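The block underneath contains the structure these notes are about, expressed in structure tokens.
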Amino acid sequence: MDAERRARLEATTRYEPSEVEGRILERWLEGGYFHPPSEGTAADNFSIAIPPPNVTSALHMGHALNGTIQDALIRLNRMRGRNSLWVLGTDHASIAVHALLEKELRAEGTSRYELGREAFIERAWAWREKYGSQIVEQLKRLGASCDYERERFTLDEGYVRAVYRVFVRLYEKGYIYRDNYMVNWDVGSRSVISDLEVENREVTDTLYSIAYSIEDSDEVLTVATVRPETMLADTAVAVNPTDQRYKALIGRHCVLPLVGRRLPIVADEHVDPEFGTGALKVTPGHDPNDLEIGRAHGLEEVVVIGEDGRMTAEAGERFTGLTVAEAHEAIVTALREEGRIRAEEPFTHSVPFSHRSGERIEPLISLQWFCRMDELAAPAIEVVDRDRVRITPEQHKRVYLEWMRNIRPWCISRQLWWGHRLPVWYCDACEETYVAESAPERCGACGGELRQDDDVLDTWFSSALWPFATLGWPDEDAPLLDAYYPTDVLVTARDILFLWVARMVMMGIEFTGDVPFDDVYITSIIQAPDGRRMSKSLGTGIDPRQEIDMHGADAVRFGLLAMSSTQDVRYSAAKIQQGGDLANKLWNASRLILLNASTEALEGQAAGGVVPGPRPVRAEDRWILSRLQGAIEAVTRNLDSYDFAHAALELYRFFWSELCDWYLEIVKPRLYDGDPEVAATLRWILEQTLALAHPMVPFVTEEIYTYLRAAAGAEGPHMLVVHPFPEVDGALLDEAAERQVEASIELTRSVRRWRDLVGVAPGSVLPARVADEDGEPPHELVARLARLAFDAAEGEALASFGQVEILPSEEVDATQVRRRIAERRETLRGEVERAERKLSNQGFVSSAPAEVVEAEREKLTTYRAELEELEG
RNA sequence: GGGCGCGUAGCUCAGUGGGAGAGCGCUCGCUUCACACGCGAGAGGUCGCUGGUUCGAAACCAGCCGCGCCCACCA
């Protein structure tokens with residue numbers, strides 16, 4: 001290590017992430033470590049397709065967690081020597097872009113309709129050029145090792161080809177079709193949205209009871225509704241066939257108030273006789289349930305609410321052009337004037353709202369494109385059922401299967417402009433329809449002009465192709481696809497399990513003949529610290545970018561991993577802090593080692609790594625090497641099984657509580673003495689620990705690694721990012737050393753506790769002796785760590801801890817000691833009694849496993865011995 | 001209406017059958033030559049409630065209470 005570097009290391013007592021991270025990121029990018037070759041097979045290689053963030057989005061906590069997890073997995077596998085590809089890209093996010101641009105247009109006093117389709121799309125592309133990459137830059141700051149050289153976009157040229165190929169094939173198979181059917185109309189975005197984008201909210205409305213006259217009678221039939229405005233589209237009244245009250249009326253007619261339409265009275269089992277009056281107004285045009293009744297009885301389907309959210313001409317002259325809310329008022333007033341309202345009462349029920357625009361959904365019948373799902377779902381059910389695709393945590397598997405087994409047709413057309421325009425052309429002259437990957441010239445039947453469908457596809461239609469479309473499908477020559485498909489794992493939150501994950505499984509199987517990924521890992525959803533949802537509008541959001549600015553990317557990454565769980569979690573600032581503390585401690589422990597551990601005497605013996613192998617000499621060396629193996633085993637197992645919290649905390653525990661608290665303290669004298677063997681061991685452990693930690697905290701470990709390499713005189717550009725990931729070396733496991741050193745640690749703790757209790761000065765060294773010289777524990781280290789001097793031979797012991805006896809001196813207050821001994825005696829008596837009781841229980845002795853009983857006997861023996869000692 | 005999950009130390013959470021754990025916070029003591037983002041010691045839990053299974057239950061079973069979330073076309 002050169003003098004300048006050494007001086008910097010010496011002077012920097014505190015790790016400064018902001019000073020380090022940009023520099024390290026540059027080196028990773030320049031080194032091309034994130035850009036693997038398209039070689040090898042998917043079985044040997046490792047790949048993840050990132051859930052493409054919307055072009056409109058800024059990095060939020062969900063991305064941060066999700067990105068950290070994926071990055072940890074990618075880095076782990078890259079270090080294992082596998083070609084590891086993390087496919088990056090963004091989603092065109094049709095509705096989100098519309099919302100954003102239309103807001104801008106409104107501010108400018110115009111609208112997309114005034115602007116026109118072409119100009120609007122141009123504007124959207126301009127927007128994407130300008131802002132679309134911000135999320136990508138933010139992912140870099142997190143340390144995400146995506147392949148930034150292969151970034152994709154769901155509207156790029158190749159991707160569009162994939163989307164059109166899929167549409168045409170599904171059309172040819174008869175899965176995609178056009179139909180008049182009940183859809184969720186979002187007045188806010190003036191488009192259809194899918195069932196999955198509808199959110200039901202509890203709302204209290206007024207339930208009106210309205211009297212419909214019965215034809216040729218003075219009687220009335222009273223129906224109940226919360227939406228009187230839809231009565232204009234009523235085409236029947238239904239009663240339950242078993243309802244005695246109405247049996248005689250079935251087949252007769254009512255007269256629709258305000259309109260005068262004759263409504264047949266039909267019998268249908270959907271009607272609950274218990275609800276309201278037991279008579280249901282049937283509005284097939286505006287209620288999904290009523291549509292089913294209507295189709296069963298061949299009823300007319302009238303639509304009175306238009307796509308602009310206003311009443312159509314069908315609603316009658318009086319109401320045409322009114323908004324739904326205005327029509328509601330006008331109709332109630334009119335009914336009241338006619339004396340038709342029999343009751344009004346508050347009624348709480350769930351009402352559909354658009355997840356996108358927040359507006360109340362208008363169910364209406366509309367001509368749209370649909371995709372039939374049952375055939376696609378069947379194999380996608382099968383692969384999850386048989387665990388060909390494993391879902392973790394597994395409780396989500398059942399939810400997935402349940403949803404898939406009840407899957408319904410998917411409305412895929414949207415009345416928007418930004419997106420994949422439907423590859424469908426119509427001939428107005430002869431009403432032919434053409435579905436093709438590229439535009440046909442003219443109508444094949446009559447030679448007429450063709451007109452392309454105005455609608456675009458649901459954004460999720462293109463997202464469903466993500467894992468294979470990003471790898472080059474449908475090109476004949478797609479080397480990335482060969483090398484990296486199927487991907488290994490998909491990491492996402494559960495809110496898009498159906499919207500996205502399920503559809504990828506279906507499309508993947510349909511178009512590639514293989515599943516898109518082997519594993520699905522469902523992450524926690526991070527809530528605000530108070531347990532509420534993190535949201536901008538509630539003001540509960542915490543911005544990961546700010547957290548990175550303040551604490552560093554490693555701190556945020558560690559914190560998020562430590563927080564992650566099989567269920568939703570509250571954001572924990574303390575865990576982020578813990579990550580920051582860890583980075584700082586890693587830095588400082590490394591300073592201790594690198595500034596003091598000279599292996600010059602052993603130089604030239606490095607094999608493979610940048611430092612010579614470990615040189616265990618004493619029990620503590622064998623102990624820490626053995627403990628390191630345990631940590632490697634646990635961290636690796638936890639990462640591989642998607643238990644990130646335990647991986648992070650195990651790393652922290654090993655490094656902090658074993659390596660720093662004990663081993664470094666124990667070996668300091670040897671280190672300062674320039675012992676080359678302990679220096680070699682320390683450097684080797686440091687290298688292993690850095691590599692073990694790297695997938696979780698890449699920046700600080702990479703930074704320290706540059707110093708480690710410099711200290712070892714290593715040359716070249718080799719970086720930790722591609723360092724072999726540590727593997728358990730069975731030869732380094734040493735149970736005897738573990739037992740021995742742990743005994744010394746326990747002994748040290750006991751002495752320290754006693755010192756604290758009896759109030760001796762922290763710095764004072766107490767006279768002590770070893771009762772039995774044959775005792776195995778290395779009392780030398782206890783002496784130093786507990787500040788004892790084993791040089792006094794004579795005198796009566798004040799206290800004893802196993803073989804170690806503490807002798808009287810002016811530092812110790814004898815009264816305190818007596819009190820302490822009395823307390824300890826009480827504790828021991830309790831313990832002895834507890835153990836005796838347990839062992840005298842015949843049930844326990846005969847039924848419990850032998851080792852449990854044996855352990856209990858040993859405890860009893862130990863306690864009795866100590867008690868005798870104190871009493872003797 | 002169905003489904004999933006949660007209730008453990010002041011806070012956030014681990015802990016799936018053998019003596020209650022971590023981080024933060026709190027108390028006491030330390031300018032111990034890597035780190036005060038530090039070091040040492042400590043206090044603090046009838047493991048939601050009630051029954052059951054078991055030699056033994058925080059853990060398994062049943063019921064109850066409280067709290068989330070998802071799915072669902074009862075006006």
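Bear in mind the structure is a predicted one, so any value in this text is a computation, not a measurement. Values below: every heavy atom of this structure, side chains too, minus hydrogens, waters and symmetry copies. Chain identifiers are assigned alphabetically (A, B, ...) following the order of the sequence lines, protein sequences preceding nucleic acid strands; residue numbering begins at 1 within each chain.
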Shorter than 3.5 Å, N or O on both sides, protein versus nucleotides 55-58 of chain B: list them out with atom names.
| residue | atom | partner | partner atom | Å |
| --- | --- | --- | --- | --- |
| B:C55 | O2' | A:N841 | ND2 | 3.0 |

Check your understanding: Quick one: salt bridge (charged side-chain N to carboxylate O under 4.0 Å, His left out) partners of A:K585, sequence neighbours excluded?
Key ->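 None.
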Practice item. With sequence neighbours left out, write down each residue that passes salt bridge (charged side-chain N to carboxylate O under 4.0 Å, His left out) with A:E402, or none if nothing qualifies. Key: none
Watson-Crick or G-U wobble partner of [N], both distances under 3.5 Å:
N     : value
B:C64 : B:G48
B:G38 : B:C30
B:C69 : B:G3
B:A20 : none
B:A9  : none

**Study point:** Nearest-neighbour nucleotide for the A:D661 side chain, B:C39, B:C73, B:A41 considered
**Key:** B:C39
Review point. Among B:G18, B:U32, B:C35, which is the nearest nucleotide to the side chain of A:R787?
Key: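 So the nucleotide nearest the side chain must be B:U32.
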Revision key, fill the gap. Ranking A:H646 and A:W656 by the position along RNA chain B of their nearest nucleotide, the one closer to 5' is A:H646
Review point. If you pin A:E665 and A:A562 to their nearest nucleotides in RNA chain B, which one's is more 5'?
Key: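 Of the two residues, A:A562 wins.
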Applying ring pair (Phe, Tyr, Trp, His ring centres under 6.0 Å), name anything that partners [X], two or more places apart in sequence or on another chain.
X      : value
A:Y571 : none
A:F655 : none
A:Y212 : none

When you compare [N] with [M], how far apart are their [atom1] atoms, in angstrom units rounded to a whole number?
N     : M     : atom1 : result
B:C60 : B:G5  : P     : 12 Å
B:A72 : B:G18 : C1'   : 45 Å
B:G17 : B:A58 : P     : 13 Å
B:G25 : B:C11 : C1'   : 7 Å
B:U32 : B:G38 : C1'   : 11 Å
B:G7  : B:C49 : P     : 13 Å
B:C71 : B:C26 : P     : 42 Å
B:A20 : B:A57 : C1'   : 13 Å

Considering just the side-chain nitrogens and oxygens of [X], establish if one lies under 4.0 Å of OP1 or OP2 belonging to [N].
X      : N     : value
A:W662 : B:C39 : no
A:S565 : B:C13 : no
A:R408 : B:C73 : yes

**Study point:** Partners meeting side chain to side chain contact (heavy atoms under 4.5 Å, CB included) with A:P241 (sequence neighbours left out)
**Key:**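 Scan of A:P241 (side chain to side chain contact (heavy atoms under 4.5 Å, CB included), adjacent residues dropped) gives A:A267, A:E269.
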Check your understanding: Got a sec, which residues hit side chain to side chain contact (heavy atoms under 4.5 Å, CB included) with A:S572, two or more places apart in sequence or on another chain?
Key ->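 Result, side chain to side chain contact (heavy atoms under 4.5 Å, CB included) vs A:S572: A:M563, A:A574, A:K575.
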What contact category does [X] fall into here, base, sugar-phosphate, or nothing, at under 4.0 angstrom with non-hydrogen atoms?
X      : answer
A:V226 : nothing
A:K668 : base
A:L649 : nothing

Practice item. Compute the centroid of each ring, for A:H328 and then for A:Y208, and state whether the two points are separated by less than 6.0 Å. Key: yes
Practice item. Could you tell me whether A:W587 and A:Y707 have their ring centroids closer than 6.0 angstrom? Key: yes
Exercise for review: Please determine, by modelled atom types, if A:E199 and A:H355 share a side-chain donor-acceptor pair under 3.5 angstrom.
Suggested key: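 Yes, because at least one side-chain N or O of A:E199 sits under 3.5 Å from a partner of the opposite role on A:H355.
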Check your understanding: For A:T242 and A:N240, does a side-chain donor sit closer than 3.5 Å to a side-chain acceptor?
Key ->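 Judged by distance alone, the side chains do pair up.
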Exercise for review: Please work out which residues in residues 750-764 of chain A have a non-hydrogen atom less than 4.0 Å from an atom of RNA chain B and list them by number.
Suggested key: A:R752, A:R753, A:D756, A:P762
Review point. Counting only non-hydrogen atoms, which of residues 576-587 of chain A are less than 4.0 Å from RNA chain B?
Key: A:Q578, A:G580, A:D581, A:N584, A:K585
Point to revise | Donor-acceptor contact present, side-chain A:R340 to main-chain A:P257, <3.5 Å | key: no
Review point. Quick check: does any side chain N or O of A:T206 sit under 3.5 Å from a backbone N or O of A:E345, one acting as donor and the other as acceptor?
Key: no
Quick one: [X] [atom1] to [N] [atom2], roughly how many Å, whole number?
X      : N     : atom1 : atom2 : value
A:F558 : B:C24 : CZ    : P     : 11 Å
A:D272 : B:C74 : CG    : P     : 12 Å
A:F644 : B:A14 : CZ    : P     : 16 Å

Point to revise | Any pair counted as side chain to side chain donor-acceptor pair (under 3.5 Å), so long as it reaches residues 278-288 of chain A, sequence neighbours left out | key: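 Qualifying pairs, neighbours excluded: A:T230-A:K281, A:D234-A:K281, A:D234-A:T283, A:K281-A:T283.
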Protein-nucleotides 3-12 of chain B N/O pairs closer than 3.5 Å?
| residue | atom | partner | partner atom | Å |
| --- | --- | --- | --- | --- |
| B:G3 | O3' | A:R398 | NH2 | 3.2 |
| B:C4 | OP1 | A:R398 | NH1 | 2.6 |
| B:C4 | OP1 | A:R398 | NH2 | 3.0 |
| B:U12 | OP1 | A:R570 | NH1 | 3.1 |

Point to revise | N-O pairing of A:E665 and A:R784 below 4.0 Å | key: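 No, no charged N to carboxylate O under 4.0 Å.
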Point to revise | Geometric class of the A:F801/A:W754 ring pair [parallel <30°, tilted 30-60°, perpendicular >60°] | key: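 Ring orientation, 0 to 90° scale: perpendicular.
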